[in-house]
Every structure is written in C-alpha cells, then in structure tokens.
Amino acid sequence: MLRKSGLCMALASLSLLCAASAHADGSYRPLPFDQDWTDVSLIGANDDWSQVPGILGHRGDGLVSGAGADPSSILAPGTATPVQVLANQLNPNTLTSGGLAEFELADPVVGLQGSGTADAPFLLLHLDTRGWQDVQVSFVARDLDGSMDDALQPIALQYRSGAAGDFIDLPSAFIADATAGSAAGLTTPVSLTLPGAAAGIGELELRFITANAVGNDEWVGIDDIAVTGSLAPVPEPRDWMLLLSGLGVLACTARRRLAA
C-alpha cells in the first residue's frame, strides 16, 4: 500500500509539473526579437503564456512590502511568484485586479498594474544574444487607463545573465510616471543600448517591472518591444591561423618548461 501510495504521489507531482510547463514558454529566443501583441490568439486563456515565444508574466507577490516602492530598486528574482495573465480583457477602466492582463483593444497590448497582491508584476523576456554585440532594446509604455484613477505608475527595465541571481537595473530606461491620470493615451517611447555583458550570451533575461502604487493603480501597456543589435564579426581565416599558431607556440613553451 505504501509503494502504491508513493507511486500515486509521484505521478500527481509529475502531472502538476507538466501542467505548469504547458502554460509557459521560457525558451531563450535568438535576435532579432520583437513583440507588438497584434496577434490576439497568442493568449487565449488566463495564466497561459505557452503560445507567446520567449515571454512570461509574473505577479511579483511579496517582492516589496507596502505601496509606493520604486520598481528600479526591486532586484530580487521573483520568478517563483505566480505566472499570471488575465486573458481577453476589453476595458482597462473597469478591470480592478492587479498583475498582468492582455487587452484586446483596437491596438492590442499586454499591460501591468500593481495591487495589494501583485506587489511588483513584471514581464520577463528570455533571449539568446550569442553572435550579437551592441544589443539594443526599444519599447513603448502606454497609458491604458482612462478611469478616474490617478497614481504615479513607474516602469523600470532590468536585466541579468542566466536564470539565477538578482537583476541589474537600467537607469536610462526608467519612467517615473507612465500615466497621465484620468485620460488614456499617453505613450512613452524608450530606446537604449544594453551593457556589454548582455551581448554574446545564451541566456539573457530582460524584465519590465512596476510596483503597487500609492492610491489606485493604473494599467500601463508594454508595447512594440524590439531587441536587436549588430552581428558580431566572424574572424577571417588568417585570424584563425594566427590564433592557432599562437596556441601552438604556447603549448611548445609549456612542454619545454615541463621537460626542463
């Protein structure tokens, strides 16, 4: 009976693991990378990112305590917080739940909004920048909320190399307030070149993050995401020959020292 019970528990755990992975696509995507959300079929059900290449949304529960935190100072990973998106939404003005939502507007978009539960919701990109240098990121922050809500709704952009450890903030991408209050339509374009450490690596993660604001939070769309750069130069055959010759000289020198 114990063996049977243990087998059932193992199968149940495997089933849960498969279900979770089926709702997310965390594969690292090569450059150039872009997402403008015009294909509304990508997100068809709540909390399901499986059809969105290289992007996940996390609710950011517990990353800060209290309202009014500066998202650029929130560097903890947060990837253990719930994967979340509210699918097929039509009206940002009446959606009071925080986190991430897909809005099927005339110009579709995915938006972020903090709340008492979604302390620091973020949109996470998984990129492969091998073979690229001078990696550039651009996006547009869109004020989606035309209700009477009016809060300072900052947006920060951060990166890290690999899937572990804290993020590094990019101050030049910070938006102190992406909303105008009681009127939707404000757009804030951002474009920047990432630090050299973000180039030429197999696992680069970028995240757009906000935080629970003081007062009634507003929805901010993250749109027209584009990540590109310059192709790293491929060494000429003569450069390879010089490199191999140099390595050969070093090997011979080391062998002579060992024999001496």
Say you draw a straight line from CH2 of Trp132 to CG of Leu127; how long is it, rounded to the nearest 0.5 Å? 11.5 Å
Is it the case that one hydrophobic cluster holds both Val137 and Ile168, taking links as side-chain heavy atoms less than 4.5 Å apart, direct or via other members? yes
Do Ile222 and Leu204 land in one hydrophobic cluster if side-chain heavy atoms of ILVMFWY residues count as linked below 4.5 Å? yes
Is Thr129 reaching over with its side chain to a backbone N or O of Ala198, donor-acceptor style, under 3.5 angstrom? yes
Checking Ser138 side chain against Val190 main chain: does a donor-acceptor pair fall under 3.5 Å? no
Working to the nearest 0.5 Å, report the span between CG of Leu170 and CZ of Arg207. 11.5 Å
For the CG atom of Asp177 and the CD atom of Glu218, what is their distance to the nearest 0.5 Å? 7.0 Å
Ala87 backbone acceptor or donor facing Asn46 side chain under 3.5 Å: yes
Treating Ser115 as the side-chain partner and Ala118 as the backbone partner, does any N or O pair qualify as donor plus acceptor under 3.5 Å? yes
Would you mind reporting whether Ile175 and Phe208 have side-chain heavy atoms less than 4.5 Å apart? no
With side chain to side chain contact (heavy atoms under 4.5 Å, CB included) as the test, would you mind laying out the steps for Asp145 and Asp143 before giving the verdict? CA-CA 6 Å; Asp145 200 321; Asp143 182 357; 4.0 Å; yes
Quick check: closest heavy atoms across Gln35 and Leu42, and the distance to 0.1 Å? NE2-CD1, 3.7 Å
Can Leu112 be reached from Val64 by stepping across I, L, V, M, F, W or Y side chains whose heavy atoms are under 4.5 Å apart? no
With Arg142, the side chain to side chain contact (heavy atoms under 4.5 Å, CB included) member among Leu105, Val220, Asp224: Leu105
Testing the basics here: between Tyr159 and Ala197, what is the closest heavy-atom pair and its distance to 0.1 Å? OH-CB, 4.3 Å
Ignoring hydrogens and angles, tell me if any N or O in the side chain of Gln136 forms a donor-acceptor pair with the backbone of Thr228 under 3.5 Å. no
Could you check whether any side-chain heavy atom of Arg130 comes within less than 4.5 Å of a side-chain heavy atom of Pro30, counting everything from C-beta outward? no
In one Ile/Leu/Val/Met/Phe/Trp/Tyr side-chain cluster, 4.5 Å: Tyr28, Val135: no
For Asp223 and Asp36, run side chain to side chain contact (heavy atoms under 4.5 Å, CB included): C-alpha distance rounded to whole Å, both residues' side-chain angles, the deciding distance at 0.1 Å, then the answer. CA-CA 5 Å; Asp223 205 0; Asp36 62 7; 4.1 Å; yes
Identify the heavy atoms of Leu186 and Ala178 that sit nearest to each other, and give their distance. CD2-O, 3.7 Å
For Thr81, is there any backbone N or O sitting under 3.5 Å from a side-chain donor or acceptor partner on Asp61? no
Between OG of Ser72 and CD of Gln158, what distance do you get to the nearest 0.5 Å? 7.5 Å
In this structure, CG of Asp48 is separated from CD1 of Ile43 (nearest 0.5 Å) by 8.5 Å
Kindly indicate whether the side chain of Val83, heavy atoms from C-beta on, has any atom under 4.5 Å from the side chain of His58. yes
List the steps and the verdict of side chain to side chain contact (heavy atoms under 4.5 Å, CB included) for Leu206 and Leu124. CA-CA 6 Å; Leu206 293 175; Leu124 183 65; over 6 Å; no
Can you name the closest pair of heavy atoms from Pro121 and Asp119 and give their distance? CD-C, 3.8 Å
Mind running side chain to side chain contact (heavy atoms under 4.5 Å, CB included) on Leu123 and Ile225 for me, showing each step along the way? CA-CA 11 Å; Leu123 197 63; Ile225 302 168; 4.1 Å; yes
I want to check something: taking the side chain as every heavy atom from C-beta on, are Phe167 and Ile74 in contact at a cut-off of under 4.5 Å? no
When you measure from the side chain of Gln153 to the backbone N and O of Asp217, does any donor-acceptor pair fall under 3.5 Å? no
Would you say the side chain of Asp166 lies within less than 4.5 Å of the side chain of Pro77, judging by non-hydrogen atoms? yes
Considering residues, nucleotides and ligands other than Glu104, do more than 12 of their heavy atoms fall under 6.0 Å from its CD? yes
Check the hydrophobic clustering (I, L, V, M, F, W, Y; side-chain heavy atoms under 4.5 Å; chains of links allowed) and say if Leu157 and Phe122 are grouped together. no
Side-chain donor or acceptor of Trp219 paired with backbone N/O of Phe103 under 3.5 Å: no
Can you pull out every salt bridge (Lys or Arg N to Asp or Glu O under 4.0 Å) where at least one residue sits in residues 147-164? Sequence neighbours excluded, please. Arg160-Glu205
How far apart are the closest heavy atoms of Ile155 and Phe174, and which atoms are they? O-CD1, 3.5 Å
Closest approach of Gly78 to Leu63 (non-hydrogen atoms, all atoms of both residues): CA-CD2, 3.8 Å
Would you give the length of the straight line joining atom CD of Gln89 to atom OG1 of Thr94, rounded to the nearest 0.5 angstrom? 8.0 Å
Any donor-acceptor pair under 3.5 Å linking the side chain of His126 with the backbone of Ser27? no
